[in-house]
Amino acid sequence: MLSLASTVRLAAGTRLQHDAVRERWVLLGPERMLIVDDMARLILERSHGLTIGALCQALAAEFDAPLATVETDVLALFTSMSEKGFLRHD
Amino acid sequence: MTDALSPPLAILLELTHRCPLRCAYCSNPLALTPAADELSTADWCAILDQAAAQGMLQVHFSGGEPMARADLPQLVAHASRLGLYSNLITSGVLLNEAKLAVLVEAGLNHVQLSFQGLDEAGAEALSGFKGGVAKKQAALACVQAADLALTLNFVITRQNADQLDAMLSYAEQHGIARVEVANTQYYGWGLQNRAALIPSEAQLDAMSTLVAAWRERVKGRMVIDYVIPDYYARRPKACMGGWAQRFLNVMPDGTLLPCHAAQTLTHLDFPRFPASTLAEAWFESPAFAAYRGTAWMPEPCSGCDNKEKDWGGCRCQALALAGNASTLDPVCEHSPQHQQVVTMARREAQLGDVPLQLRRFSFAVEGD
């Protein structure tokens with residue numbers, strides 16, 4: 001289970017790529033693709049080396065958002081990405 | 001469709017029909033393309049150039065056995081330079097440490113390794129290849145040692161359906177992140193051998209229950225993709241995510257298709273590279289437009305709530321089972337042929353040990 005103490009990383013064979021023709025960002029993995037909006041992309045890029053809890057605190061401060069809401073949203077996003085195989089977590 | 005037509009997301013290159021295996025379920029056409037008619041390295045590179053320029057994001061190197069092409073590393077390197085995500089779909093029997101190192105160096109992103117089961121005798125009966133399991137296990141070790149992303153593809157027939165739990169355990173023990181449980185689809189050689197291959201409904205129910213339990217248990221560690229033989233379903237699959245909506249396939253001789261089985265639709269005139277560019281085929285070819293979207297649909301498909309979910313199912317299956325590519329996919333419960341198809345599947349599944357007709361190169365007799 002993902003928790004605030006977890007750290008996440010892109011799964012092997014997964015990468016974040018700009019889709020220039022369709023003007024969007026996507027996660028590319030083995031025989032799968034996930035369109036990521038600007039916020040999801042920012043969260044992914046900021047997640048490097050941080051626990052989810054620390055990431056959420058930084059995001060809540062930067063966007064002046066309630067920490068509990070940020071934590072709920074980020075955990076939901078990462079859980080969904082993990083279950084689809086795009087993320088691994090420790 | 002009211003939206004402007006988007007370019008395909010992925011391209012599947014059937015580099016060659018040559019293969020050391022002779023799988024009875026192979027979805028390659030019965031009339032296999034001889035080596036002399038395969039496109040050149042320069043042609044395949046030009047196809048990759050066009051694919052990237054058009055906005056395709058992923059390239060699948062397939063076949064036949066793509067490793068039978070000596071220029072595979074060159075093609076992978078070319079795809080990498082173009083920013084394409086590259087996937088090698090292989091039997092693994094030609095893979096070794098040295099060959100894999102060259103492909104990794106070329107920028108390969110992912111390997112999909114197929115297994116016909118885990119016991120040599122069963123796998124040999126299905127594939128006509130001796131000692132394949134040991135070679136595949138060695139290939140798996142190479143891919144993992146190179147730290148390359150890997151999917152195990154277990155091809156399921158009624159011969160090995162009862163081993164599914166053992167296959168998934170094997171994947172789990174090896175820390176595999178993604179597994180495909182791929183029931184054989186009945187196209188090409190697979191259609192010829194359907195009576196010998198199709199699992200029973202009881203086997204299918206047991207597999208579905210097992211997959212659901214495994215998915216729950218390995219959530220977040222191992223993703224299991226599950227493809228069923230849809231003859232027992234009530235509604236058809238969204239074949240290829242809709243005809244000519246997401247995927248472009250290139251045959252060994254450059255024929256451009258919306259799916260790898262589409263050449264069975266002999267009333268359509270499919271374009272061929274290099275006479276046609278990929279963009280011309282996709283955006284202008286009448287063959288690609290023939291079953292795209294919903295305008296072609298007969299009743300009751302055109303009034304169906306699922307029409308933009310299953311896109312009317314599979315046109316090749318409609319032709320193969322109902323004798324008409326433009327009618328309902330008989331897997332759909334609304335098809336007048338549906339009950340007949342289910343009855344046939346049930347009957348064939350009870351036939352027991354039917355001899356398999358292994359794949360062979362036979363160019364003289366087309367559609368034999």
Side-chain angles (χ1 to χ4, degrees), chain A residues 1-38 40-41 43-45 47-48 50-53 55 71-90, chain B residues 3-10 12 51-60 62 79-80 82-89 104 107-113 143-144 146-153 175-180 182 215-216 218-225 227 241 246-247 279:
Chain A
M1 272 304 276
L2 270 180
S3 72
L4 294 175
S6 308
T7 56
V8 296
R9 60 187 186 284
L10 290 181
T14 300
R15 72 185 192 211
L16 189 61
Q17 181 164 320
H18 186 233
D19 177 357
V21 168
R22 298 169 192 81
E23 296 178 330
R24 65 189 184 190
W25 285 78
V26 290
L27 275 176
L28 290 180
E31 291 180 55
R32 55 188 64 211
M33 194 193 87
L34 185 70
I35 299 164
V36 287
D37 62 21
D38 288 345
R41 183 182 145 219
I43 293 169
L44 270 177
E45 288 175 344
S47 66
H48 190 72
L50 294 180
T51 63
I52 294 177
L55 168 69
E71 288 174 347
T72 305
D73 291 352
V74 170
L75 280 171
L77 177 74
F78 284 169
T79 299
S80 162
M81 286 179 171
S82 296
E83 287 177 2
K84 289 174 185 156
F86 291 105
L87 286 186
R88 304 289 281 182
H89 58 83
D90 295 316
Chain B
D3 296 341
L5 177 59
S6 252
L9 291 166
L12 183 124
Q54 230 193 305
M56 290 181 233
L57 300 170
Q58 302 208 354
V59 56
H60 304 288
S62 181
S80 300
L82 293 165
L84 293 165
Y85 184 102
S86 57
N87 175 24
L88 173 63
I89 300 174
V104 170
L108 183 65
N109 295 113
H110 175 260
V111 174
Q112 182 193 301
L113 180 61
V143 174
Q144 290 196 310
D147 229 1
L148 197 57
L150 172 66
T151 293
L152 292 194
N153 173 278
I176 304 295
R178 182 165 176 266
V179 173
E180 287 180 357
R215 277 180 170 160
E216 193 53 40
V218 297
K219 200 183 267 187
R221 290 188 285 130
M222 184 164 104
V223 174
I224 304 174
D225 280 7
V227 182
R246 294 190 193 173
F247 299 99

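Computed from a predicted model, the values in this text were never measured in an experiment. Note on naming: letters A, B, ... go to the chains in the order of the sequence lines (proteins, then strands), and numbering restarts at 1 for each one.
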Between the CZ atom in B:R221 and the NE2 atom in A:H89, the distance rounded to the nearest 0.5 Å is 9.5 Å

Distance from B:H110 atom NE2 to A:R15 atom CZ, nearest 0.5 Å? 13.0 Å

From CE (A:M33) to CZ (B:R246), nearest 0.5 Å: 8.5 Å

Looking only at heavy atoms, which of residues 2-11 of chain A get nearer than 4.5 Å to chain B? none

What's the shortest heavy-atom distance between A:R22 and B:G55, and which atoms? NH1-O, 2.7 Å

Side chain, backbone, both or neither of B:L148 within contact of chain A (heavy atoms, under 4.5 Å): neither

Neighbour count above 12 (heavy atom, 6.0 Å) for A:H48 NE2: no

Donor-acceptor under 3.5 Å (B:Q58 side chain, A:G29 main chain): yes

More than 12 heavy atoms from other groups under 6.0 Å of CG on A:D37: yes

Comparing B:L150, B:L57, B:V223 against chain A, the one with the most heavy-atom pairs below 4.5 Å turns out to be B:L57

Which distance, rounded to the nearest 0.5 Å, do you find between the OH of B:Y85 and the CG of A:L27? 10.5 Å

Inspect the surroundings of CZ in A:R32 and state if more than 12 heavy atoms from other residues, nucleotides or ligands are less than 6.0 Å away. yes

Could you tell me which non-hydrogen atom of B:G220 sits nearest to which non-hydrogen atom of A:R88, and how far apart they are? O-NH1, 3.7 Å

From CG (B:L84) to CG (A:L28), nearest 0.5 Å: 9.5 Å

So how far is it from B:I89 CD1 to A:E31 CD, rounded to the nearest 0.5 Å? 5.0 Å

Of the non-hydrogen atoms in B:A149 and A:G13, which two are nearest, and what is the gap between them? CB-CA, 3.4 Å

Looking at every heavy atom in both A:V21 and B:P7, which two are closest together, and how far apart are they? CG1-CG, 4.2 Å

Between B:Q112 and A:P30 (side chain of the first, backbone of the second, donor and acceptor by atom type, cut-off under 3.5 Å), is there such a pair? no

Measuring heavy-atom distances to chain A, does B:N87 have an atom under 4.5 Å in its side chain, in its backbone, in both, or in neither? side chain

Please classify the contact of B:E180 with chain A as side chain, backbone, both or neither, using a heavy-atom distance under 4.5 Å. side chain

Kindly check if the number of other-residue, nucleotide or ligand heavy atoms within 6.0 Å of CD (A:E45) is above 12? yes

